[in-house]
Every structure is written in C-alpha cells, then in structure tokens.
Visitor: 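Handing you a structure now.
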Amino acid sequence: HEIMEQCDNVVMTGLIYNDTKEWETKEILNKITIVEFPKIEKPIMQPCDDDIVLDTTKINVVCTGSKNETVRNSEYTLKLCERLKDENVLFHFIGQGWCEAERETRGNCIFYKARSHQAIRNLQLNADFLLNIGNIVINQVPSKVLEYISTGTPIINVAKSKACPTLSLLHNYNV
C-alpha cells in the first residue's frame, strides 16, 4: 500500500484488481491500469539433446520445477502421488532438489535432475497431464502455471490451502 502511494502508475491484472479494489483508497485506485494476460499460443516441440522419453504404455503426469518447501507443498504432493498405487500411472518430477542422481525411481515416481528449458517444454507438451504444486504463499502466482496453461495439456492442481493463488487462475481451465 505504501509503495503504491508513492507510484505515479500501478499496473495489475483484473484478478489482482478485484481483490485489491475493496480495501484501496480512491487515490490509489485512480493510479491503477488493468492489463489482462496476452493470448498465449501453444509452443511447438523442438529437438534437443537432453529430451526425456516418456513411457507410451502408461499415463505420464509431469511436474517441472524445483522442489521448494518454502513456497510449495512438495512433500505433501509426493505423499499423494506415492499413495496412488496404480501401475499404469507414472509421475515425473524434473528440477533441482528432487534427486541426487541423474535419474531415480521410487515406486510410481521418477525423479530427474534439472534439464534444459527446451527439454522441459518438450516434456510438458508430451505429458498426458501436468502436475502443479500449489503455493503456500497466498499472494504469489507461480509463472509455471502460465507455462502449463500455454501447453493446452490438462493440469492436476494440488492445493493444500483454499487460499492457494493457483485455484482462481485455474478455475476455468481444463483441470
């Protein structure tokens, strides 16, 4: 609030504005410019050297990004995935902090070290489902959600809290 008072112009999305307008002063509301997300076009697959090949005989659920307990519910999500004892479903976790080796398997979960951005995008495009781990920080929408939305792939959103900011963003998406 104090920072916005000092600004000449404040830019925010309609979603944030709707949450903000009830408690902001008229002086600040007059400074606000609302922008909406641009039309996001689905990316195309591009060859890369470190692609991960998914099992075509299984349902592949992919979660990309680092394991971060400070802002995400990573351990909560892992427990949910490990409890699913369906041998036809594989959960792929790619990014920093998931494993020590290049690749580790525990039950129906496969963990990979970080890969190139293109390998991650290809994996997101090839997945049957994308797994989004909700945030603990209630006013922070992870950019990964927008990345996931751009693929057109169905998203499974794990939110431990009803205040998770990803819930309203994914409300009308194919989740």
Visitor: Going through the distances and angles, do Tyr76 and Val158 end up as a side-chain contact (heavy atoms from CB on, under 4.5 Å)?
Guide: CA-CA 9 Å; Tyr76 175 78; Val158 177; 3.6 Å; yes
Visitor: If I take atom CZ from residue Phe111 and atom CD1 from residue Ile94, how far apart are they, to the nearest 0.5 angstrom?
Guide: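 So the CZ of Phe111 and the CD1 of Ile94 are separated by 10.5 Å.
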Visitor: How close do Thr153 and Leu125 get, counting heavy atoms only, and between which atoms?
Guide: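 Shortest heavy-atom contact: OG1-O, 4.5 Å.
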Visitor: If you look only at pairs with a residue in residues 100-116, which of them pass as a side-chain hydrogen bond (donor to acceptor under 3.5 Å, both in side chains), with sequence neighbours excluded?
Guide: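 For residues 100-116: Asp50-Ser116, His92-Tyr112.
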Visitor: Dump the intermediate steps for salt bridge (Lys or Arg N to Asp or Glu O under 4.0 Å) on Glu87 and Lys58, then the final yes or no.
Guide: CA-CA 8 Å; Glu87 62 189 40; Lys58 309 242 185 230; over 6 Å; no
Visitor: One pair to check against side-chain contact (heavy atoms from CB on, under 4.5 Å): Leu131 and Thr77. What are the steps and the verdict?
Guide: CA-CA 9 Å; Leu131 178 62; Thr77 303; 3.7 Å; yes
Visitor: Before giving the answer on side-chain contact (heavy atoms from CB on, under 4.5 Å), spell out for Val61 and Asp128 the whole-Å C-alpha distance, their side-chain angles and the decisive distance to 0.1 Å.
Guide: CA-CA 6 Å; Val61 182; Asp128 297 304; over 6 Å; no
Visitor: Roughly how far, to the nearest 0.5 Å, is SG of Cys99 from NZ of Lys67?
Guide: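 Reported to 0.5 Å precision, the distance equals 10.0 Å.
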Visitor: Nearest 0.5 angstrom please: Asn126 CG to Asn60 CG, how far?
Guide: 9.0 Å
Visitor: Roughly how far apart are Asp51 CG and Gln46 CD, rounded to 0.5 Å?
Guide: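 Between Asp51 CG and Gln46 CD, I get 10.5 Å after rounding to 0.5 Å.
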Visitor: Starting at CD1 of Ile120, measure out to CD1 of Ile52 and round the result to the nearest 0.5 Å.
Guide: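 Taking CD1 in Ile120 and CD1 in Ile52, the distance rounds to 6.0 Å.
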Visitor: Set out, in order, the CA-CA distance, both residues' side-chain angles and the distance that settles side chain to side chain donor-acceptor pair (under 3.5 Å) for Thr64 and Gln124, then state yes or no.
Guide: CA-CA 8 Å; Thr64 61; Gln124 291 170 347; 3.0 Å; yes
Visitor: At what distance, to the nearest 0.5 angstrom, does CG of Asn132 lie from SG of Cys63?
Guide: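 Rounded to the nearest 0.5 Å, the CG-SG separation comes out at 7.5 Å.
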Visitor: If you compare all heavy atoms of Ile156 against all heavy atoms of Phe129, which two are closest, and at what distance to 0.1 Å?
Guide: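 Scanning both residues, the minimum pair turns out to be CD1-CB, 3.9 Å.
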Visitor: Within the structure provided, determine whether Leu84 and Phe91 are in side-chain contact (heavy-atom separation under 4.5 Å).
Guide: yes
Visitor: Which is it for Ser66 and Trp98 under the side-chain contact (heavy atoms from CB on, under 4.5 Å) test, yes or no, and what are the steps along the way?
Guide: CA-CA 7 Å; Ser66 63; Trp98 291 108; 5.7 Å; no
Visitor: Restricting to non-hydrogen atoms, name the atom on Ile133 and the atom on Ser74 that form the minimum distance, rounded to 0.1 Å.
Guide: CG2-N, 3.9 Å
Visitor: Within the supplied structure, the quantity of interest is the number of heavy atoms (other residues, nucleotides, ligands) at a distance under 6.0 Å from Asn88 CG; does it exceed 12?
Guide: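 More than 12 heavy atoms, drawn from other residues, nucleotides or ligands, come within 6.0 Å of this atom.
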